[in-house]
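One structure below.
Predicted model, so just to flag it, every value in this text is computed and none were measured. In this chain, residues are counted from 1 in sequence order.
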Amino acid sequence: MTRLRKKAFIALFLFTLFIFGTMMGLRTLKPSDGFSDLAPGMGEFVGERGGDRRRPVSNDMVVSPGQSHLASDTKVVFTKSDRDYSIFYDVQIFYYLWYGNPQMDGKYIHWDHVLVPHWDPKIAASHAKGRHTPPEDIASSFYPELGPYSSRDPTVLESHMSQIEAAAAGVLVLSWYPPGIADNHGEPCEDLVPAVMDAAHRHSIKVAFHIQPYKGRTDLSMHDNIKYIIDKYGNHGAFYRFRSTKGRILPLFYVYDSYLTPPEAWADLLHPTGAHTLRGTSYDGVFLALVVEERHKHDILAGGFDGMYTYFASNGFSFGSSHQNWKAVKDFCDGNNLLFVPSAGPGYVDTAVRPWNNHNTRNRVNGRYYETSLQAALSVRPEIVTITSFNEWHEGTQIEKAVPRKTVTRLYLDYQPHRSDLYLELTRKWAEHFNKEKDKWLM
């Protein structure tokens, strides 16, 4: 009897050991062990040596996974010199195309921005008026390494794409106005979009559209805008698509100042039963609205949007931009099957165009503000993180390279004691960290 008990004990011990070993082995598997870590169509570039940059074939489609999709298909890996590096399509960066200079445009555009007066005449009276006079005096508290450039300059576009690639941001979110329409201080620039997309494609960067609140924007005009964008750019290799929670692969659109249109009107466009719905048509997409005030959460849901983003890089400026509120917003989105896309930024200073707005300035503190913002974004486990911005120089949110400069009338801020690429490097560092963290979340 004793011998039988001993044999039974040994057998039970070995069986338990086998089960434990099997479970531990399964637990150590990463998503990359079962799914491709590469964006579709990118497999042939891993392991290539000797070339500078491996370009994807044309007509490739890169998608980011939605909340219910486990495949890690959000990055592309390159080999450059003796190292591998990636760009990540779930790190998306806001980009502006509204700059001009005499060499390319016959005049300065946006660099000579007016000093916007305060709406209260008493406050406005105590601040400077007029407009900036480039190249010595530009409408920014920082000075770009490229100088007051033109967005039409092909060498500028190439430099920008190289910088965005260096930052590991895989999607450029392009500020967009319809043909013939511009912001109040600029010129129409929709004709530049093909050049941006071509330049982005050379660097395997994708392009999504950030639709601006142009005069007369309605749900009906938006229907026409979406149709125009998809018809004109939908077949381009750089056109970005996102994998929805239902597995559909759809274009992603950001809608700035969406709260200016009532949710009932958005519902006509974005609800399946809307009067002129895009849902279920060849122009369907993933539509993200801007959340500024807390009540906007409910309006965004009622309007039929697929999610919300925060944009502003000034922590505490609004409900949506306040880091402390992001968990509650994420919980609301999770509970209503919406995407929450927080926006991190390196700082904020817009006093070069709004001299009365000093109370919303957020100092960069040599990159620490940016890292705090990125950490806050990652702490809510988002599907996508946006960066505000690559080159919104007026509001001082740019991560584009800046240089020290002093003129007779101006002393510009800069990134010293660090190099001009500090914020590109920090973006890459956190993009890589985000990717590793997402692997852990999926385990």
Closer than 3.5 angstrom, by distance alone: can the side chain of [X] be matched with the main-chain N or O of [Y] as a donor-acceptor pair?
X	Y	value
Ser314	Asn360	yes
Trp356	Val116	yes
His433	Lys429	no
Arg131	Asp112	yes
His271	Thr273	no
Asn336	Leu338	no
Trp111	Tyr149	yes
Arg381	Trp441	no
Arg362	Gly316	no
Thr218	Leu220	yes

List the atom of [X], the atom of [Y], and the distance in Å for their closest heavy-atom pair.
X	Y	answer
Ile384	Pro342	O-CD, 3.6 Å
Thr397	Ala313	CG2-CB, 3.8 Å
Ala128	Pro355	O-CG, 4.2 Å
Asp421	Arg419	OD2-NH2, 2.9 Å
Gln398	Arg364	O-NH2, 2.7 Å
Phe239	Ile229	CE1-CG2, 3.9 Å

[X] and [Y]: side-chain donor and acceptor closer than 3.5 Å?
X	Y	value
Trp176	Gln212	no
Tyr256	Ser175	no
Gln163	Ser159	yes
His418	Glu425	no

Got a list of side-chain donor-acceptor pairs under 3.5 Å for residues 282-291, not counting sequence neighbours?
residue: Tyr283; atom: OH; partner: Asp231; partner atom: OD1; Å: 2.9
residue: Tyr283; atom: OH; partner: Asp231; partner atom: OD2; Å: 3.3
residue: Asp284; atom: OD1; partner: Arg279; partner atom: NH1; Å: 2.9
residue: Asp284; atom: OD2; partner: Arg248; partner atom: NH1; Å: 3.0
residue: Asp284; atom: OD2; partner: Gly280; partner atom: N; Å: 3.1

To the nearest 0.5 Å, how far apart are [atom1] in [X] and [atom2] in [Y]?
X	Y	atom1	atom2	value
Ser318	His296	OG	NE2	9.5 Å
Thr277	His223	OG1	NE2	8.0 Å
Leu339	Cys333	CG	SG	8.0 Å
Tyr89	Ile205	OH	CD1	8.0 Å

Worked check of side-chain contact (heavy atoms from CB on, under 4.5 Å) between Val349 and Phe142
CA-CA 9 Å; Val349 53; Phe142 294 85; 3.8 Å; yes

4.5 Å side-chain heavy-atom contact, [X] and [Y]:
X	Y	answer
Asp90	Lys438	yes
Val207	Val171	no
Met308	Phe340	yes
Trp98	Ser151	no
Pro144	Lys401	no
Met222	Asn225	yes
Val403	Asp414	no
Ile109	Tyr99	no

Listed by chain and number, what are the salt bridge (Lys or Arg N to Asp or Glu O under 4.0 Å) partners of Asp350, not counting sequence neighbours?
Arg354

Should the pair [X]-[Y] be classified as a salt bridge under the 4.0 Å nitrogen-to-oxygen rule?
X	Y	value
Glu437	Lys440	yes
Glu383	Lys330	no
Asp257	Arg217	no
Lys436	Glu432	no
Arg202	Asp198	no

Might you work through the side chain to side chain donor-acceptor pair (under 3.5 Å) test for His210 and Tyr311, ending with a clear yes or no?
CA-CA 11 Å; His210 193 194; Tyr311 185 76; over 6 Å; no

Would you call the rings of [X] and [Y] parallel, tilted or perpendicular, taking 30° and 60° as the class edges?
X	Y	answer
Tyr369	His323	tilted
Tyr423	Tyr370	tilted
Tyr309	Phe94	tilted
Tyr228	Tyr233	perpendicular

Ser150 vs Val156, test: side-chain contact (heavy atoms from CB on, under 4.5 Å). Steps then yes/no.
CA-CA 7 Å; Ser150 170; Val156 168; over 6 Å; no

Are [X] and [Y] close enough that their ring centers fall under 6.0 Å?
X	Y	answer
His110	His394	yes
His113	His132	no
Tyr143	Trp393	no

Salt bridge (Lys or Arg N to Asp or Glu O under 4.0 Å), that's the test. Do Lys232 and Glu190 meet it? Break it down for me.
CA-CA 11 Å; Lys232 186 165 185 179; Glu190 206 282 331; 3.8 Å; yes

Take Thr361 and Thr351, measure what side-chain contact (heavy atoms from CB on, under 4.5 Å) needs, and give me the verdict at the end.
CA-CA 8 Å; Thr361 295; Thr351 51; 4.2 Å; yes

With Trp430 via side chain to side chain donor-acceptor pair (under 3.5 Å) - residues at least two apart:
Glu371

Taking it one step at a time, do Arg152 and Asp191 satisfy salt bridge (Lys or Arg N to Asp or Glu O under 4.0 Å)?
CA-CA 10 Å; Arg152 294 184 179 275; Asp191 61 309; 2.9 Å; yes

Can you tell me if Lys327 has over 12 outside heavy atoms packed within less than 6.0 Å of its NZ?
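It does not: Lys327 NZ has 12 such atoms or fewer within range.
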
After noting the C-alpha distance and the side-chain angles of Ile211 and Tyr254, does the key distance pass the side-chain contact (heavy atoms from CB on, under 4.5 Å) rule?
CA-CA 6 Å; Ile211 301 177; Tyr254 293 80; over 6 Å; no

